[in-house]
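In listed order, ligands and their atoms are each counted from 1. Note that these values count all heavy atoms, side chains included, but never hydrogens, waters or copies made by symmetry. The chain is numbered in sequence order, starting from 1.
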Amino acid sequence: MLKQTIKNFVERLFSTPRRGPERLAQEKHGIDRRNVSRHAIKVCEVLHEHGYVAYIVGGAVRDLIVGLEPKDFDVATNATPNQIRPLFRRARIIGKRFQLVHVVFGQEIIETSTFRAPASVEQDTDEHGRILRDNLFGSHEEDAARRDFTLNALYYDPITEVVIDYHRGVPDLKKRVVRMIGDPETRYREDPVRMLRALRFAAKLNATIDPASYEPITRMAPLIENVPSSRLFDEILKLLTCGHAMDCLRQLQSVGLHEGVLPLIDLIFKEEGGENFVDLALARTDARVRAGKTISPSFLFAALLWTLVNKRWQQYCAGGEHPAQALMQAADSVVEEQTRKLAIQRRYQADMREIWFMQARFERANPKTIWRMLEQPRFRAAVDFLQLRAEAHEVDSVQAQWWMDLANADDSTRAEMIETYQTESRGKAPAARRRRNPRRRPSQQTNTPPQ
Ligand code: ATP
Ligand code: MG
């Protein structure tokens, strides 16, 4: 414990820059102010007018410098939450562990936090050195030292258009190097989630991880098991929706981090066709992310777990179980096993089951049940899922297309399609009829996946 404390102290001493921070003018960092959220600018302006300093910080600055569109804009300031809140019409203080302010402008929320103090020696840590509670405000410099990677510790002043860089983050960003601020081992110990973040930023920015920051990860991977599962879920979701999901999964596996968060990766990749299915699902997710579309976590996790569910489903069916019943049992057992490590929230679990159960219903539909299926809120997602299975050659692609056409059709076309189904099917899959009926809708109309 004492050794750790001394190490922390020495580390802090060296991580504090000896000379002041770099101040980079617009032509050095290249941020185009027109790409900056006007609400984030507004928050900074109001805080300035009241005598505080305020900067746009973190991921937004990083992404703007490399020409990516930021997901959201965060502001850091020397004003405390109680000083910030009254300055805005719609603002609320949130957070237990570390209070910050959400300033609300219609759909956009600007998360505004006070500069944080260093991870001090008095703070609460668990027996592994993980920080449990900290609530101290600090200076700008201290705030920079607490951030994870040099490229995440950049502060942009939208009024002067200057970027303040305490840890040479801009050169690292330009070289595409993810480098931990301070001693990597200590920082991973403080918060093991940083290991996942390192992999995510490397994949997202097409960067490498600095060797000193990379080396401890394999060794320290087991520490991830001490992180509360809700936090892990959030971070894994970010990882799967960063636009480079498959890359991230392979990296997770190669450093052994998956064992504590997504042990199913091993199982899936071992299954015949498993890797292919996940590959297809993640490629689709990546394409949506890059096109700026939304991602449904339930669809994503339904796809990730499907190979396991499907295998068990087939086994139970082979054992003589009714298909719908077998699918339900397969889903229950897989979800139960896999959520021991990764807490998938209940509402997502419910949607996942709906998507899965509908897969059995697609196979044995009749006109009455089709109408009922159409009313299900997850019908479109389930059809999309069926499409994914068709791509993986698990089901007939013509059949999957029929359902997609149905999902996209207006009510009268639906009635017609279901009517045809009734008169023609007589136990045959819609696929058989489609081949005889050349009146197919153009595929580009049917290719807008729901979510
Ligand atoms: P994204 O584009 O995914 O939102 P981000 O860098 O903005 O990436 P956030 O989780 O939104 O990531 O965090 C905002 C900033 O807060 C980070 O850029 C980093 O400076 C700091 N930060 C977040 N998580 C940690 C952490 N675990 N340890 C230290 N600093 C962190
Ligand atoms: Mg962010």
message: Can you name the atoms of ligand 1, numbered from 1 with element, that are less than 4.0 Å from a heavy atom of G58?
response: 18 (O)
task: Would you indicate which of K204, R197, R187, R146 comes nearest to atom 12 (O) of ligand 1 when only heavy atoms are counted?
output: R197
Expected list for residues 233-246: side-chain donor-acceptor pairs under 3.5 angstrom, two or more places apart:
unit_1: E235; atom_1: OE2; unit_2: R200; atom_2: NH2; d: 3.0
unit_1: T241; atom_1: OG1; unit_2: L237; atom_2: O; d: 2.7
unit_1: H244; atom_1: ND1; unit_2: R290; atom_2: NH2; d: 3.3

- request: Mark yes or no: R284 above the aromatic ring of F299, with NZ or CZ under 6.0 Å from the six-membered ring centre and no more than 45 degrees from the axis.
  value: yes
- line: Nearest heavy atom to atom 11 (O) of ligand 1, choosing from E111, K71, R231, K238, belongs to K238
statement: of all protein heavy atoms, closest to atom 2 (O) of ligand 1 is R62 NH2, 3.0 Å
message: For D148, which part has a heavy atom under 4.0 Å from ligand 1: side chain, backbone, both, or neither?
response: both
message: Run D172 and R168 through salt bridge (charged side-chain N to carboxylate O under 4.0 Å, His left out) and show every step you take.
response: CA-CA 7 Å; D172 278 346; R168 307 206 41 80; over 6 Å; no
task: Could you list which atoms of ligand 1 come closer than 4.0 Å to a heavy atom of R194?
output: 26 (C), 27 (N), 28 (N), 29 (C)
query: Among all protein non-hydrogen atoms, which one is nearest to atom 3 (O) of ligand 1, and what is the separation to 0.1 Å?
result: R200 NH1, 2.6 Å
query: For the residue pair F115 and H140, does the interplanar ring angle fall in the parallel (under 30°), tilted (30 to 60°) or perpendicular (over 60°) class?
result: parallel
message: Would F201 count as a contact residue for ligand 1, given that I'm defining contact as a non-hydrogen atom of the residue lying under 4.0 Å from a ligand atom?
response: yes
Sub-4.0 Å atoms of ligand 1 with respect to non-hydrogen atoms of D191: 26 (C), 27 (N)
message: Counting non-hydrogen protein atoms only, what is the nearest one to atom 21 (C) of ligand 1? Give residue, atom name and distance.
response: R147 NH1, 3.6 Å
task: From the options I181, N152, V193, select the one whose nearest heavy atom is closest to atom 18 (O) of ligand 1.
output: N152
task: Please examine the side chains of Q349 and T339, heavy atoms only from C-beta on, and report whether any two atoms are closer than 4.5 Å.
output: yes
- request: Run the salt-bridge test on D148 and R194 with the 4.0 Å N-O cut-off and return the result as yes or no.
  value: no
field: Numbered atoms of ligand 1 (with element) below 4.0 Å of D74, judged on heavy atoms
entry: 14 (C)
- prompt: Using 4.0 Å as the upper bound for N to carboxylate O, is an ion pair formed by D63 and K204?
  reply: yes
message: With a 4.0 Å cut-off on N to O distance, would you call R312 and E337 a salt bridge?
response: yes
query: Taking only residues two or more places apart in sequence, or in another chain, which ones meet R89 in a side-chain hydrogen bond (donor to acceptor under 3.5 Å, both in side chains)?
result: none
message: If the contact criterion is a heavy-atom separation under 4.0 Å, does E190 count as touching ligand 1?
response: no
